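Reviewing the structure listed below.
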Amino acid sequence: MDFDDERPQQQVTGVVIITLPPSDNPSFGKTITAFTLTNDVLPQSLTTQEPDQVLPTTRVVSSPPPSSQSPQLGFSFSGFFSENPRKLLGFLGVSLFALLLYSSCFSSTFVELKNSNDNDDDDKPQSFIFPLYHKLGAADLELKLGRFVDVVDKENLVVSINGGAMETKMVNKLVAANSIVMDSSATILPVRGNVYPDGLYFTYMLLGNPQRRYFLDIDTGSDLTWIQCDAPCSSCAKGANPLYKPTKVNIVASGDSMCMEVQKNQKPQICETCQQCDYEIEYADRSSSLGVLAKDKLHLVNPNGSITNLDVVFGCAYDQQGILLNTLSKTDGILGLSKAKVSLPSQLASKGIINNVVGHCLATDVASGGYMFLGDDFVPNWGMSWVPMLGSPLIEFYHTQLVKINYGSSSLSLGAKDSDKARVVFDSGSSYTYFTKQSYAELVSSLSEVSELGFIQDASDPTLPVCWRAPFPIRTIMDVNKYFKTLTLQFGSKWWIISKKFHIPPEGYLIISKKGNACLGILDGNNVHDGSTFILGDISLRGQLVVYDNEKQKIGWGPSGCGKPSRFKSLPFFEG
């Protein structure tokens, strides 16, 4: 169809669309629709029909919906940019800048998208889910900085084996007075007791043959998983379950590679008569755990209900001293989740059972403890902030670099040896969060502004060092959180828009005491580490899905209700 007779003064590009009738009903005829694109703002369209067909009435839309396939738009971009080349270059420049800015701020969105593989493969690494529970009712204040230390007088101190029978010889405890300061050989980070009043989070594992259930405090700051055992036990807490009872076949020899890993930072000693691998963990609160390495069957329940059985090495702890005896009243030991070779995730990864990834989601709701997982099937494809782990051959805990910290809009000093940056440790074994001495002092000073709102500091409350009595009754944290500000930890860059941020709202650092006061769950860390490290404990990790990816050496987090874990193949990344 030629439209030159109607508009001879313009060049016209025409598009003709011919719609054929259905093959089973040719009586519908065919429709011919013509569209034109000119430099005028309004396009034209005509529809004609074959004259020899009786056709139903067809409504012609003069301006069809915009499409990348269709040139008829109410505004002609080609004409606009052809007449304005500078505007075209400006548009392209702004678009490129926006793309670069978005990719720098949300690089994890692009980098972290994983390729899903739905094919069943028996050799494919698996993932395992563990439910978490609150340690309700235990309110003892724990302060532990643990490390492997030399076992004194190995031939006489440890449990010995004679033809399969166990007997205990002399026990001579030695607690170092200077263990309050961590040195470069420390392999276990501080272990704290209870987030008041909820307590530590723990899970259970099935161990032995026949299998028995043991409750273990989850601790990303501990290397070794250990369970109280009857070897016999010289000093053990009541515990939640009967003591694990080893046999001769369970005891790990002193020449085993796992024994060498545990003792790698100890002074070299020759013990020709030693038949087992001894260890001692010493804590800054003067508590300690002594035992031998053992090996037994671990029974892991797969998400589909099947069971994976494998041998794992763990600590058979037969002598606990100090506050540790109180904290094990409802659990049986500690689940070590660090990146050390002797930790449970590393052992499973070395056998090809999982990819070396650990995740936990600690629920804020007391009725729901949350969950923990081993493996990468439950790592979100979206909605996570990622930062690189700091690496060190002697440090096995999960830490990264902090560049800035704010209380509301006020900046706090890092208080580290390098004033421009500090280390931050993510530690599920600490109930509370620790700041450096200077940062803690500035935070407490900033919090004093609540006194202008009627809050009075109550020194008679022994729950925590800093507590406030409100001018009204407090039932939950939500009653007072509007009077306090959010803490923001900034990672990666001091530029706000491109940095990664970990937000700690008031409910992430305040607790309500039995006296009905609001107490600060952030403590002075000057006496529990080297003075330049921040520790994020359970109180600040709640309501976040935190992932430690040892394969890619990075730590990630994202807000979550910590309800039901899901295998992530699409958005949203969390359900429940």
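Note that this is a predicted model, so its numbers are computed, not measured.
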Working note: D538 + S431, criterion side-chain hydrogen bond (donor to acceptor under 3.5 Å, both in side chains); need CA distance, chi angles, decisive distance, verdict. CA-CA 5 Å; D538 290 348; S431 294; 4.9 Å; no

Of all heavy-atom pairs between T308 and Q126, which one has the smallest distance, and what is that distance? OG1-OE1, 3.6 Å

Point-to-point distance, once rounded to the nearest 0.5 Å, from OG1 of T225 to CG of D217: 11.5 Å

Taking N302 for its side chain and S306 for its backbone only, find out whether a donor-acceptor pair lies under 3.5 Å. yes

Pair L536, D427 - check side-chain contact (heavy atoms from CB on, under 4.5 Å), show working. CA-CA 6 Å; L536 293 180; D427 181 24; over 6 Å; no

Please find the pair of heavy atoms, one from D319 and one from S235, that lie closest to each other, and give the distance. OD1-CB, 3.2 Å

Quick one: pull up CE in M389 and CD1 in I555 and give me the separation to the nearest 0.5 Å. 5.0 Å

What is the distance from atom OG of S540 to atom CD of E507, rounded to the nearest 0.5 Å? 10.5 Å

Are I522 and V466 side-chain neighbours, meaning at least one heavy-atom pair lies under 4.5 Å? no

Distance-minimising heavy-atom pair for V262 and L293: CG2-CD1, 3.9 Å

What verdict does the side-chain hydrogen bond (donor to acceptor under 3.5 Å, both in side chains) test give for S289 and Q320, after you've listed the backbone C-alpha separation in whole Å, the side-chain angles of each residue and the deciding distance to 0.1 Å? CA-CA 5 Å; S289 179; Q320 280 59 253; 2.9 Å; yes

Has the side chain of N241 got a donor or acceptor atom that lies under 3.5 Å from a matching backbone atom of R213? yes

Side chain of T220, backbone of L337: donor and acceptor closer than 3.5 Å? no

Distance in Å, I474 CD1 paired with I512 CD1, rounded so as to fall on 0.5 Å steps: 4.5 Å

Pairwise side-chain contact, I504 with L489, heavy-atom cut-off 4.5 Å (strictly under): yes

Would you say that P131 contacts F202 through its side chain, given a criterion of any heavy-atom pair below 4.5 Å between the two side chains? no

Please say which of H299, Q211, K297 ends up in a side-chain hydrogen bond (donor to acceptor under 3.5 Å, both in side chains) with N309. H299

Spell out, as yes or no, whether a donor-acceptor pair under 3.5 Å connects the side chain of S560 to the backbone of C562. yes

The reported gap from CD1 in I251 to CG in D256 (rounded to nearest 0.5 angstrom) is 12.0 Å

Distance-only polar pair, side chains of D223 and S343, donor-acceptor under 3.5 Å: no

Between S460 and K515, do the side chains contain a donor N or O and an acceptor N or O under 3.5 Å apart? yes

Apply the test side-chain contact (heavy atoms from CB on, under 4.5 Å) to residues T400 and F502: give CA-CA distance (whole Å), side-chain angles for both, the deciding distance (0.1 Å), then the verdict. CA-CA 12 Å; T400 187; F502 188 96; over 6 Å; no

Decide yes or no on side-chain contact (heavy atoms from CB on, under 4.5 Å) for I539 and I511, but give the supporting numbers first. CA-CA 9 Å; I539 190 172; I511 59 100; 3.5 Å; yes

Mind telling me whether F426 and W557 have parallel, tilted or perpendicular rings, with 30° and 60° as the class edges? parallel

Inter-residue atom distance C519.SG - Y432.OH, 0.5 Å rounding: 8.5 Å

Audit row: Y398, N550, side-chain hydrogen bond (donor to acceptor under 3.5 Å, both in side chains) steps and yes/no: CA-CA 9 Å; Y398 300 112; N550 292 303; 3.2 Å; yes

If you define the side chain from C-beta out and look only at heavy atoms, does anything of V313 sit under 4.5 Å from D296? no

Please report the shortest heavy-atom distance between M205 and L300, naming the atom on each side. CE-CD2, 4.1 Å

List the atom of N356, the atom of A349, and the distance in Å for their closest heavy-atom pair. CB-CB, 3.7 Å

Locate the shortest heavy-atom distance separating C233 from Y318; write the atom from each residue and the value. SG-O, 3.2 Å

I'd like to know if the side chain of D461 reaches the main chain of D458, judged simply by a donor and an acceptor atom lying under 3.5 Å from each other, with no hydrogens or angles considered. no

When you measure from the side chain of D376 to the backbone of V379, do you find a donor-acceptor pair of N or O atoms at a distance under 3.5 Å? no

Heavy atoms, side chains only, cut-off 4.5 Å: are F491 and Q401 in contact? no

Can a donor-acceptor pair be found, under 3.5 Å and without considering hydrogens, that links the side chain of Y201 to the backbone of Y371? no

Donor-acceptor contact present, side-chain S254 to main-chain C277, <3.5 Å: no

Taking the six-membered ring for Trp, are H360 and Y548 closer than 6.0 Å centroid to centroid? yes

Hey, does the side chain of S430 reach the backbone of G537 with a donor-acceptor pair shorter than 3.5 angstrom? no

Pair D230 + K245, salt bridge at N-O below 4.0 Å: yes

Any donor-acceptor pair under 3.5 Å linking the side chain of Q228 with the backbone of D332? no

Should K295 and N250 count as side-chain neighbours, where that means a heavy-atom distance under 4.5 Å? no

Min side-chain heavy-atom separation F128-I354 under 4.5 Å: yes

Aromatic ring proximity, centroids under 6.0 angstrom, Y244 and F314: yes

Between F373 and V358, is any pair of side-chain heavy atoms under 4.5 Å apart? no

Passes side-chain contact (heavy atoms from CB on, under 4.5 Å), F435 versus D524? Steps please. CA-CA 6 Å; F435 279 12; D524 184 355; over 6 Å; no

Distance only, no hydrogens: is a donor on one side chain within 3.5 Å (strictly under) of an acceptor on the other, for R423 and T533? yes

